[in-house]
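One structure is given here, and the rest of the page talks about it.
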Amino acid sequence: MAYADIIIDISAPTLDRSFQYGIPAELQDRAEVGSPVLVQFGSSKTPRRGYIVGLSDKPKLDPWKIKPILDIPKRDMSIEDSLVELAYRIKRRYGGSLYDSLRTVIPSRQKIASVPKRKIRRAMPKGDLQEVLADLSARETAKARLYAALLETEEIPYELVTGKLKISKAALAKAEEEGILTVAELAESESEPGQGLTVELNDEQLAAAGAIADSLGHGGVFVLHGITGSGKTEVYLSVIEKALAEGKQVIVLIPEIALTYQTVLRFYRCFGDRVAFVHSKMPAGERYRMHERAKEGKISIMIGPRSALFTPFPDLGLIIVDEEHETSYRSELTPRYHAVNVAVERAEMCGATVVLGSATPSLETYRCCETGEYKLLTLSKRAKDGALLPRSEIIDLREELKAKNYSVISRRLHKAIEERLARHEQVMLFLNRRGYAGFVSCRACGYIAKCPHCDISLTYHNDGTLQCHYCGHRVPYKKACPECGSPYFLPFGKSGTQKIEELVEKEFPKARVLRMDADTTKAADDYEAILSDFAEGRGDILIGTQMIVKGHDFPNVTLVGALAADLSLGVADYACAERTFDLLAQAAGRAGRDRIPGEVIIQTYRPEHYAITTAADSDYHTFYETEIRYRKSFGYPPIRHMLTIVGGHRREAALEKAMEELGGLVRDTVKTADAAVIGPTLPQMPKKNDMYFRVIYVKSGSIETLITVKDAAESWMHQARGGAGLTFDMD
Ligand code: ADP
Ligand code: ZN
Ligand code: ZN
């Protein structure tokens, strides 16, 4: 390659402006995509630093007008260099252009107004405020949240109150007038140091924190496996304190939905103004300002969802990923990177330590403990004195059908709800419906129609067939169950939360029912308001999708009901048993967090399925052993890697033709390698918004083979005019 496309300014708002330079012969072997270069730019005499974003053998101008690259210096691993390097690695593994990756990693420069640093302080004695709080009407929920927070913490950052708590400026002004609080403006130099650690760690926590702290400075990946309430967060706080004491910075990833006001406040109380938070709906200018503050050393801890991973800390010492099994750590936009993998990658580049925390580690992560790549640390009991693990019971819905109970609530669950209502305890009911309904199961015997080649459930199609979305296998749909002959062998439709709400209101007319799902939480942060209402006792029963079982403390919830636990087992996805286990284990973690023992009732048509029995017993190890055996026999990740290539096009015929061609190309590419190619075939959603989709799966033990396939497919896509648009999904 004789020419290189170079961007001069990686934080320019539009990155598509690159400039072509010539590569002198003596620099040829150092010229790679991502390499830093020195070039003469514009009229300036001093060389400027840029980065190579593309290589080609064709000049875009007359060759004599193209200036040569002056030098390709060794990376000095300044924070810019290492972030560009990280972007390059993301692009390489997950596909898309380097621009896409750079935009993911580096926020574009924005004009930013300076924002005054403000705090909200309690202005009246605790006792008085308690009375004010008690006098609020039931509808003043936002105020109630604010006052409750001020009772816990005397001083709260302004942004937290207007943002997470959603208190309007007018409401704040009014409260200030009433003498409840003051809004104080602080100088940049004035800062709240936080009160440090307040809890004394138990032996297990000490051992875990010690092992992690010992690795600071040279790195390593730790898996902190601890049930909900076992005190993982306290371990994080302790090792963060150690990292800060060594002058290093820390990134904490938390799934957006778990980044509640309580969590934020917990970190703030401990570390004061050294902590900053980002969230996905933050305006670009705000994110840019955060990055500037991080570079300048004004903050040392960044907490947020996956984008927080790219905070440009110059001396990053520790990355914590809480709830590391969460699917939200995978980006849905190109590049479709997985934050856990990228965290490990970034940490490796700078010698930082990684902590992956979860009650139900992902199979990928736990497998790395088995192979010795990661170190396993375990917290085996609940940290609070006397906090008990909930009891679980599995209810066989087939028996309900036999007893002519057609309600989605079993007799046992009905009785348990009544008991809780009588005792003024709270109940959560959740429906783990995810993805595309359409799998076919027998309500009488629990049989699910599955593909004999892929062990994935078949999906019902309107043409009266059942199809496998992995290999295309199809059989005609017959109304009688092939296993037991029952006529209740039906496709699962949408049995929505709204329907369940109506039913619950009918069965329990006196109960106050709250519902949380995609419909009731359209606006950002709505879910927080519903959760707060429930947490503060303004509802007896909370109904929702999996959203409700994630990361929130409800001390008064003593019963959790999973209405149809196997719904998520029918999803046409090799990881559906893992998702089901995670959800049920998480749900169990919500019951009985305090001294009142909790109970979990799992309703299912498939009471014998290992994902359900092991979740009921909180037995991660048995689940893992069973699931990894299944992945082994079918060669699914984490045993082998799997690349999914999705092609989309407005015209179905053109798509089919293109994907056939691509399928041939992929097969040629892997001919001699250890790899299996499946497809093109139908994806879970074969048509969406008038776009048609087809998919090709490639499995291989070597990720490099799959990267080669992806690169070949990408350059095929760029050459094929009007061809299929492709997206890639690695593992
Ligand atoms: P996790 O993050 O694993 O769900 P947390 O760190 O939130 O667990 O701890 C659960 C509860 O137990 C919290 O209220 C926390 O303050 C308390 N806790 C944690 N560690 C201890 C400890 N060593 N002693 C007493 N209470 C603790
Ligand atoms: Zn049957
Ligand atoms: Zn199949």
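The residues of the chain are indexed from 1 along the displayed sequence. Note that this is a predicted model, so its numbers are computed, not measured.
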> Is a donor on one side and an acceptor on the other found under 3.5 Å between the side chain of Q20 and the backbone of K60?
Replying inline: yes
> Does some side-chain heavy atom of Y268 sit less than 4.5 Å from a side-chain heavy atom of D273?
Replying inline: yes
> Side chains of P335 and T104: closer than 4.5 Å at any heavy-atom pair?
Replying inline: yes
> Any side-chain heavy atom of V39 sitting closer than 4.5 Å to one from F19?
Replying inline: no
> How far apart are the closest heavy atoms of G648 and F693, and which atoms are they?
Replying inline: CA-CD2, 3.7 Å
> How long is the gap from CD1 on I6 to OH on Y51, to the nearest 0.5 Å?
Replying inline: 12.0 Å
> Which heavy-atom pair separates G701 from D674 by the least distance, and what is that distance?
Replying inline: N-OD2, 3.4 Å
>> What's the separation between atom OH in Y337 and atom CZ in R306, rounded to the nearest 0.5 Å?
In response: 5.0 Å
>> Checking D711 against T708: is there a side-chain donor and acceptor pair closer than 3.5 Å?
In response: no
>> Check the orientation of Y636 and Y574. Use parallel for under 30°, tilted for 30 to 60°, and perpendicular for over 60°.
In response: parallel
> Residues two or more places apart in sequence or in another chain: which of them pass side-chain contact (heavy atoms from CB on, under 4.5 Å) with S362?
Replying inline: E324, H325, E364, T365, E578
>> For R48 and Q40: C-alpha separation, side-chain torsions, deciding distance, then whether side-chain contact (heavy atoms from CB on, under 4.5 Å) applies.
In response: CA-CA 6 Å; R48 295 270 310 260; Q40 198 268 315; over 6 Å; no
> For V695, does its backbone N or O pair with a side-chain atom of T681 as donor and acceptor, under 3.5 Å?
Replying inline: no
>> Once side-chain contact (heavy atoms from CB on, under 4.5 Å) is applied, do any residues pair with E652, and if so which ones, sequence neighbours excluded?
In response: E656, Y692, R694
>> Do E256 and S328 have side chains that approach each other closer than 4.5 Å (heavy atoms only, starting at C-beta)?
In response: no
> Between Y94 and T334, is a side-chain contact (heavy atoms from CB on, under 4.5 Å) present by the stated rule, with each step listed?
Replying inline: CA-CA 8 Å; Y94 298 100; T334 302; over 6 Å; no
> Donor-acceptor pair, R346 side chain versus L309 backbone, under 3.5 Å?
Replying inline: yes
>> Checking E286 against R289 for the salt bridge (Lys or Arg N to Asp or Glu O under 4.0 Å) test, could you report, in this order, the C-alpha distance in whole Å, the side-chain angles of both residues, the deciding distance, and whether it holds?
In response: CA-CA 5 Å; E286 190 71 1; R289 192 164 61 99; 3.1 Å; yes
>> Would you compute the distance between atom CG of L726 and atom NE2 of H718 and round it to the nearest 0.5 angstrom?
In response: 9.0 Å
> Hey, are the side chains of E660 and K657 touching, using non-hydrogen atoms and a 4.5 Å cut-off?
Replying inline: no
> Minimum heavy-atom separation for V105 to F310, with atom names?
Replying inline: O-CB, 3.3 Å
> Where is the tightest heavy-atom contact between L224 and A208, given as atom of each residue plus distance?
Replying inline: CD1-CB, 3.9 Å
> Quick one: are P638 and I628 in side-chain contact, heavy atoms under 4.5 Å?
Replying inline: yes
>> Are M302 and V278 packed together at the side-chain level, in the sense that at least one heavy-atom pair is separated by less than 4.5 angstrom?
In response: yes
> What is the minimum heavy-atom distance between A343 and V321, and which atoms define it?
Replying inline: CB-CG2, 4.2 Å
> Rounded to the nearest 0.5 Å, what separation is found between the OG1 atom of T327 and the NE2 atom of H338?
Replying inline: 8.0 Å
>> Run the salt bridge (Lys or Arg N to Asp or Glu O under 4.0 Å) test on E85 and R89 for me, step by step, so that the C-alpha distance in whole Å, both residues' side-chain angles and the decisive distance to 0.1 Å come before the verdict.
In response: CA-CA 6 Å; E85 166 76 21; R89 292 188 188 197; 2.9 Å; yes
> Is there a donor-acceptor pair closer than 3.5 Å between any side-chain N or O of T311 and the backbone N or O of F313?
Replying inline: no
> Would R30 and D71 pass as an ion pair if we require N to O under 4.0 Å?
Replying inline: yes
> With distance as the sole test, does K710 use its side chain to make a donor-acceptor pair with the main-chain N or O of R92 at under 3.5 Å?
Replying inline: yes
> Take atom CD in E332; do more than 12 heavy atoms of anything else shown fall under 6.0 Å from it?
Replying inline: no
> Side chain of R274, backbone of P193: donor and acceptor closer than 3.5 Å?
Replying inline: yes
> Cut-off 3.5 Å, side chains only: do T46 and S44 have a donor facing an acceptor?
Replying inline: yes
> Would you say P63 and Y3 make side-chain contact, with heavy atoms under 4.5 Å?
Replying inline: yes
>> Using a 6.0 Å distance limit plus a 45 degree cone around the ring axis, check whether K67 lies over the aromatic ring of Y21.
In response: no
>> Test side-chain contact (heavy atoms from CB on, under 4.5 Å) on V239 and T353; report intermediate values, then the result.
In response: CA-CA 10 Å; V239 290; T353 295; over 6 Å; no
>> Determine whether a donor-acceptor pair (N or O, by modelled atom type, separation under 3.5 Å) exists between the side chain of K699 and the backbone of I678.
In response: no
> So K295 and E292, salt bridge (Lys or Arg N to Asp or Glu O under 4.0 Å) or not? Walk me through it.
Replying inline: CA-CA 5 Å; K295 269 193 238 173; E292 291 301 295; 3.6 Å; yes
>> Apply salt bridge (Lys or Arg N to Asp or Glu O under 4.0 Å) to residues D731 and R330 and explain how you reach the verdict.
In response: CA-CA 10 Å; D731 293 334; R330 173 182 296 284; over 6 Å; no
>> Under the criterion side-chain contact (heavy atoms from CB on, under 4.5 Å), I'd like the reasoning laid out for T263 against I303: C-alpha separation, chi angles, the key distance, then a yes or no.
In response: CA-CA 10 Å; T263 311; I303 302 182; over 6 Å; no
>> Return the CD1 to CD1 distance between I72 and I52, rounded to the nearest 0.5 Å.
In response: 4.5 Å
> P255 and E326: which non-hydrogen atoms are nearest, and at how many Å?
Replying inline: CG-CG, 3.5 Å
> Taking atom OG of S101 and atom CD1 of I106, what is their separation to the nearest 0.5 Å?
Replying inline: 10.0 Å
>> Any side-chain to backbone donor/acceptor pair from D100 onto S97? Under 3.5 Å, distance only.
In response: yes
Donor-acceptor pairs under 3.5 angstrom involving side-chain atoms of residues 244-253: please list them, not counting sequence neighbours.
from	atom 1	to	atom 2	distance (Å)
Q249	OE1	D315	N	2.7

>> Quick check against the 3.5 Å criterion: does R367 have a side-chain atom that pairs as donor or acceptor with the backbone of I639?
In response: no
